[in-house]
Number of protein chains: 2
Amino acid sequence: MKRNTWQREAVREALGSNEGFVSAQSLHSTLRDTGSPIGLATVYRALADLAVEGEADSLQSLEGESLYRACTQGQHHHHLICRNCGLTVEIEADAVELWAQSVASEHGFTQANHVVDVFGLCAECTVQTRLAR
Amino acid sequence: MKRNTWQREAVREALGSNEGFVSAQSLHSTLRDTGSPIGLATVYRALADLAVEGEADSLQSLEGESLYRACTQGQHHHHLICRNCGLTVEIEADAVELWAQSVASEHGFTQANHVVDVFGLCAECTVQTRLAR
DNA sequence: TGTATTATTGATAACGAATCTCATTACTGT
DNA sequence: ACAGTAATGAGATTCGTTATCAATAATACA
């Protein structure tokens, strides 16, 4: 049976108070910085659970790290993510869903999953980057 | 200046004689099995170079491993990949390209990249999976 | 052709993300 | 309150990948 612990709650909350996607590692250090003695393994476990339960969204960064974010929509959706600050916009794309399914079945593939995410620089980071040069 | 070595050539060839995406590790052991004394670090380096030069395609597997494949089309494209055997079909999706660009700019994002890949079971693996049960 | 230059190699160490182990802790139903 | 047992966490472990650095070998040029 599943139990409620302050650790899980802490992870849920830390995730919720974050704008964009974060890695398990950085979430862990954020928690430690705020005085929580939570363990790294626990953060990984909590995030994995949240992802399974649909309370969190996960994706792989371009570098291959797993990133998590509190999920605001129940349904399947995709993301527009800022490479620089992690800001994320959830996007729906029925057209893309249909496209993925049809491409798969056209080639005889079944049980199709798809990974569709757009990475870029958000408006703010675009400005900052320009100024930096 | 860039030099031509048999190692690079061996990686290029091993990659070319492969149907689907392969990891650097498995490409390395394939090479070793055929008697080549090539080093693992060299395989990683060669693959990274090929990817930069556009001679190879790379993507992250669902488990976070980097996979490579000889690139047959020069242009940008996406993949339909069998989760089981690695068989890959290159797909073009102008509609998806346009969608990604417009979604990004609608939200003020610039320099948009996108990750669009479909994973599934190819026809053959679908049959095998059914038989296995 | 010989030689100096220097890119490349490869064994190994190092790294980082993620998972596993297992003794300890602390939820929860009774 | 108590027993049963899910959850925790420090640390070890695994695995993919990158860095180190001395040795090697591809190239330019005399």
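In this text, all values refer to a predicted model and were calculated from it rather than measured experimentally. Residue numbering restarts at 1 for every chain, and letters A, B, ... go by the order of the sequence lines. Note: hydrogens, waters and symmetry copies are ignored here, and every other heavy atom, side chains too, is used.
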Student: Give me the residues of residues 42-50 of chain A where at least one heavy atom lies under 4.0 Å from an atom of DNA chain D, by number, or none.
Tutor: A:T42, A:R45
Student: Nearest whole angstrom, please: distance from the C1' of C:dA14 to the CG of B:L40.
Tutor: 14 Å
Student: Taking the axis from the first five pairs and the axis from the last five, what angle separates them in the helix from C:dT1-D:dA30 to C:dT30-D:dA1, rounded to 10 degrees?
Tutor: 40°
Student: Heavy atoms only: give me the nearest B:W6-B:P37 pair and the separation to one decimal.
Tutor: CH2-CD, 3.7 Å
Student: Is a donor from one side chain sitting under 3.5 angstrom from an acceptor on the other, for A:E90 and A:H78?
Tutor: no
Student: Specify the separation, in whole Å, of atom NE2 of A:H28 and atom C1' of C:dG16.
Tutor: 15 Å
Student: Do A:T30 side-chain atoms and A:S26 backbone N/O form a donor-acceptor pair below 3.5 Å?
Tutor: yes
Student: Restricting to side chain to side chain contact (heavy atoms under 4.5 Å, CB included), what partner residues turn up for A:E124, sequence neighbours left out?
Tutor: A:C122, A:Q128
Student: Please tell me if the side chains of B:Q7 and B:V11 come closer than 4.5 Å, counting only heavy atoms from C-beta onward.
Tutor: no
Student: Is there a side-chain contact between A:R83 and A:C125 (heavy atoms, below 4.5 Å)?
Tutor: no
Student: Tell me, please, which residues at least two apart from A:A112 pass side chain to side chain contact (heavy atoms under 4.5 Å, CB included).
Tutor: A:Q101, A:A104, B:V118
Student: Can you list, pair by pair, the side-chain donor-acceptor contacts under 3.5 Å of residues 41-50 of chain B, counting residues two or more places apart and other chains?
Tutor:
from, atom 1, to, atom 2, distance (Å)
B:Y44, OH, B:Q25, NE2, 3.0
B:D49, OD2, B:R8, NH1, 2.7

Student: Working note: B:F119 + B:H79, criterion ring-ring contact (aromatic ring centres under 6.0 Å, His included); need CA distance, chi angles, decisive distance, verdict.
Tutor: CA-CA 8 Å; B:F119 291 84; B:H79 302 99; 9.5 Å; no
Student: Students often get this wrong, so: under 4.0 angstrom with heavy atoms, is A:I38 touching a base, only sugar-phosphate, or nothing?
Tutor: sugar-phosphate
Student: Which residues, if any, of residues 1-26 of chain B bring a heavy atom under 4.0 Å of DNA chain D?
Tutor: B:M1, B:R3, B:N4, B:Q25
Student: At what distance, to the nearest 0.5 angstrom, does OG of A:S36 lie from CD of A:E13?
Tutor: 10.5 Å
Student: For the side chain of B:S66, starting at C-beta, report the closest nucleotide among D:dA10, C:dA11, D:dT17.
Tutor: D:dT17
Student: Output the rounded distance in Å from CG (A:L67) to C1' (C:dG16).
Tutor: 14 Å
Student: Would you check if A:F21 and A:L15 make a side-chain contact, meaning some heavy-atom pair closer than 4.5 Å?
Tutor: no
Student: To the nearest Å, give me how far apart CD (B:E63) and C1' (D:dT17) are.
Tutor: 16 Å
